[in-house]
2 protein chains.
Amino acid sequence: MKAIAERSDILPQLAEVFRAHGYEGATLALIGEATSLGKGSLYHFFPGGKSQMAAEVLAEIDRWFEDNIFTPLQAADDPARAVAEMVEAVDRYFRSGQRVCLVGVIALGAARDSFATQVRDYFSRWQTALTAALKRLGLGAAAARRRAEAALLSIQGALVLARAMDDPKVFSRAMADLKKQLLAA
Amino acid sequence: MKAIAERSDILPQLAEVFRAHGYEGATLALIGEATSLGKGSLYHFFPGGKSQMAAEVLAEIDRWFEDNIFTPLQAADDPARAVAEMVEAVDRYFRSGQRVCLVGVIALGAARDSFATQVRDYFSRWQTALTAALKRLGLGAAAARRRAEAALLSIQGALVLARAMDDPKVFSRAMADLKKQLLAA
DNA sequence: TACAACTTGTACCGATAGGTACACAACGAG
DNA sequence: CTCGTTGTGTACCTATCGGTACAAGTTGTA
C-alpha cells in the first residue's frame, strides 16, 4: 500500500492537468486520475488542496526556467548562441505549440489574482535575463528591454494562435522569426 | 413579470462573464447574476444551456469583428489608413489589454475542441482580411500572409502579457509597435 | 519485534454544479 | 374578454465539487 510516489514525480503530472484544463477546470477527479493517487495521498502531500498544488506547480515551472533558460541567458560566454538556444529550448518545451504555457493560461483566467506575484515574476525575470543577453549583444538598455518584451509577447501569442488554428507550424514559424529578430543588428 | 430582456442585451453581458471566468469557470450562478436573469429565462432563451450560450456569444463576437474590422480592411479606399484604424479599433475593443479576448481564452482551454471551427474561423478570416489590405499596400502574397499572421500573434501575446504583468502599458506599447510594423515598407 | 512516522483507500460532508418541470404572469391578436 | 404565446421565478433533480476524517497498511529504526 505504501507510496512509490515522490513529490518530484507528481508535480509534472499535476502540471499537465492544469495545462490541459486550466485552474478551474482541473477537478480533483481529473487530478487523481492523472496522478493515480487518491484524495488521501493528494491531501497528504498538499494539505492546502488545489491552490497549493497549483502554487507548487508554478514554483516548479519557475525553477525549471531559472535553470534551463534564465541562468544560461545571463551566464553564457556567447550571448548570441545563448539567445538562439533559448529559442530552441522554448520550442522543445512547448512541443512546437502543442503544449500550452500554464503561466499564460492562469494569467488569462480568474485565478490570476490568486497567483499574481508568481505570474508576474515569471515573466519579469525572463525579461530581465533576456534583456541582459541582448545588452551584451550591443543593444542599448532601453532597446534591449523593448526587444525582450516583444519576444515574450511573441512566444505567448504563438501559443494561442497555434492552438487556435490547431497547427504547430504556426508556432515553429514564429520561433524561426523570433530567432532572427532577436539576433538582428 | 414580463421580459424587458432582449437577446441583444443579454449576449454582451454573457460575453463578459465568459471572458472573466473562462468557459468552465462561468457558472450558471455567475451568469444569472450578471444578466439579472433566472434559470427560467436563461433556459428559455438558450435551451442548449451553457454551450449554446457560449456558441452564440462567439457568433456575436464574430459578427462584430466582421462589421468593424474585417469588412473595413477589405473595402477601404485607403488600405494604409484601414490598417491603422484596425489597430486603433483593437486597442479600444480590448480596452488597452484590460479586457481579454474570449476566443483566445477558449483556444487555450479544454473547451477548444467544442468550438474548434468557430475559433479557427475567427482567426483565419481576420488573417485573410488583413492579408488583403497588406497586398494592396504593395506586399507580395506570401509576405502579406506572414505579416498578417505575425500581427494576430502580437495582439494575442500582448493580451496575455499585459494581464500577466497587470500593466496596460504593455498592451498599448505593443499596439504602437504593431502599427509601425504593419505599415513598414 | 515493537513502535512511531508515513502513506493510502474509503466513506463521508455540505455546497454547488448544470439542468428540468411547472405553475403563473404578462402580453398581442381575435 | 378570451386565449395561445412568450417570459419568468421557484422548487427540485442527480452528479459532482473541494475537502475532511480516519482506520488500516507500510515502512524505517532500534
Side-chain angles (χ1 to χ4, degrees), chain A residues 1-60 102 105-106 109-115 118, chain B residues 1-58 60 102 105-106 109-115:
Chain A
M1 205 197 213
K2 186 60 182 299
I4 325 153
E6 294 268 336
R7 219 187 179 72
S8 55
D9 299 327
I10 303 173
L11 283 178
Q13 300 175 305
L14 273 180
E16 290 310 319
V17 181
F18 282 118
R19 258 190 263 272
H21 299 92
Y23 181 75
E24 16 272 326
T27 67
L28 286 183
L30 286 169
I31 291 171
E33 195 180 346
T35 56
S36 320
L37 252 40
K39 291 191 187 183
S41 307
L42 251 16
Y43 274 84
H44 174 72
F45 286 116
F46 308 98
K50 228 174 102 165
S51 65
Q52 184 184 351
M53 297 179 205
E56 293 206 17
V57 165
L58 284 177
E60 216 232 342
L102 178 56
V105 169
I106 287 183
R112 177 192 65 159
D113 299 4
S114 315
F115 303 102
Q118 283 185 275
Chain B
M1 202 194 215
K2 188 62 182 300
I4 325 155
E6 294 268 334
R7 221 187 180 72
S8 54
D9 299 327
I10 303 173
L11 284 177
Q13 299 175 306
L14 273 180
E16 290 310 317
V17 181
F18 282 118
R19 257 189 264 271
H21 299 92
Y23 181 74
E24 16 274 324
T27 67
L28 286 184
L30 286 169
I31 292 171
E33 196 180 345
T35 56
S36 320
L37 252 40
K39 291 190 187 183
S41 308
L42 251 16
Y43 275 84
H44 174 71
F45 286 116
F46 309 98
K50 227 174 104 166
S51 65
Q52 185 183 351
M53 296 180 205
E56 294 205 18
V57 165
L58 284 177
E60 217 233 342
L102 179 57
V105 169
I106 287 184
R112 177 193 65 160
D113 299 5
S114 314
F115 304 102

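The chains referred to below are lettered A, B, ... by the order of the sequence lines, with proteins before strands, and numbering in each begins at 1. Not measured: the values here are computed from a predicted model.
Checking D:dG18, C:dG19, C:dA17 against the side-chain heavy atoms of B:Tyr43 singles out C:dG19 as nearest. Listed nucleotides D:dT8, C:dA17, C:dT8 differ in distance to B:Phe45; the shortest reach to its side chain belongs to D:dT8. In the set C:dG19, D:dT6, D:dG18, D:dG18 carries the atom at the smallest distance from any side-chain atom of A:Lys39. Taking the side chain of B:His44 as heavy atoms from C-beta on, and the options D:dT6, D:dG19, C:dG9, the nearest nucleotide is D:dT6.
Both B:Lys50 and B:Gly40 lie close to DNA chain C; mapped to their nearest nucleotides by heavy-atom distance, the more 5′-ward contact belongs to B:Lys50.
Heavy atoms of other residues, nucleotides or ligands lying less than 6.0 angstrom from CD of A:Glu33 number 12 at most.
To the nearest angstrom, P of D:dC17 lies 14 Å from OH of A:Tyr23. We find that CG of B:Leu28 is positioned 15 Å from C1' of D:dC12, with the value rounded to whole Å. Remark: C1' of C:dC6 and CD1 of A:Ile10 are 13 Å apart, rounded to the nearest angstrom. Protein atom CG of A:Leu42 is 15 Å distant from nucleotide atom C1' of C:dT10, rounded to whole Å. One interatomic measurement links the two molecules: CD of A:Glu33 to C1' of D:dG18, which rounds to 17 Å at whole-angstrom precision. We find that NE2 of A:His21 is positioned 15 Å from C1' of D:dC17, with the value rounded to whole Å. Atom-to-atom, CZ of B:Arg7 to P of D:dT8 comes out at 12 Å; the value is rounded to the nearest Å.
The closest side-chain heavy-atom distance from B:Phe46 to B:Leu14 is below 4.5 Å.
Using modelled atom types, one side-chain atom of B:Thr35 and one backbone atom of B:Ile31 make a donor-acceptor pair closer than 3.5 Å.
Annotation: cation-pi pair B:Arg112/B:Tyr23 absent, no NZ/CZ under 6.0 Å from the ring centroid and within 45° of its normal.
OP1 or OP2 of C:dA17 lies within a sub-4.0 Å distance of a side-chain N or O belonging to B:Thr27.
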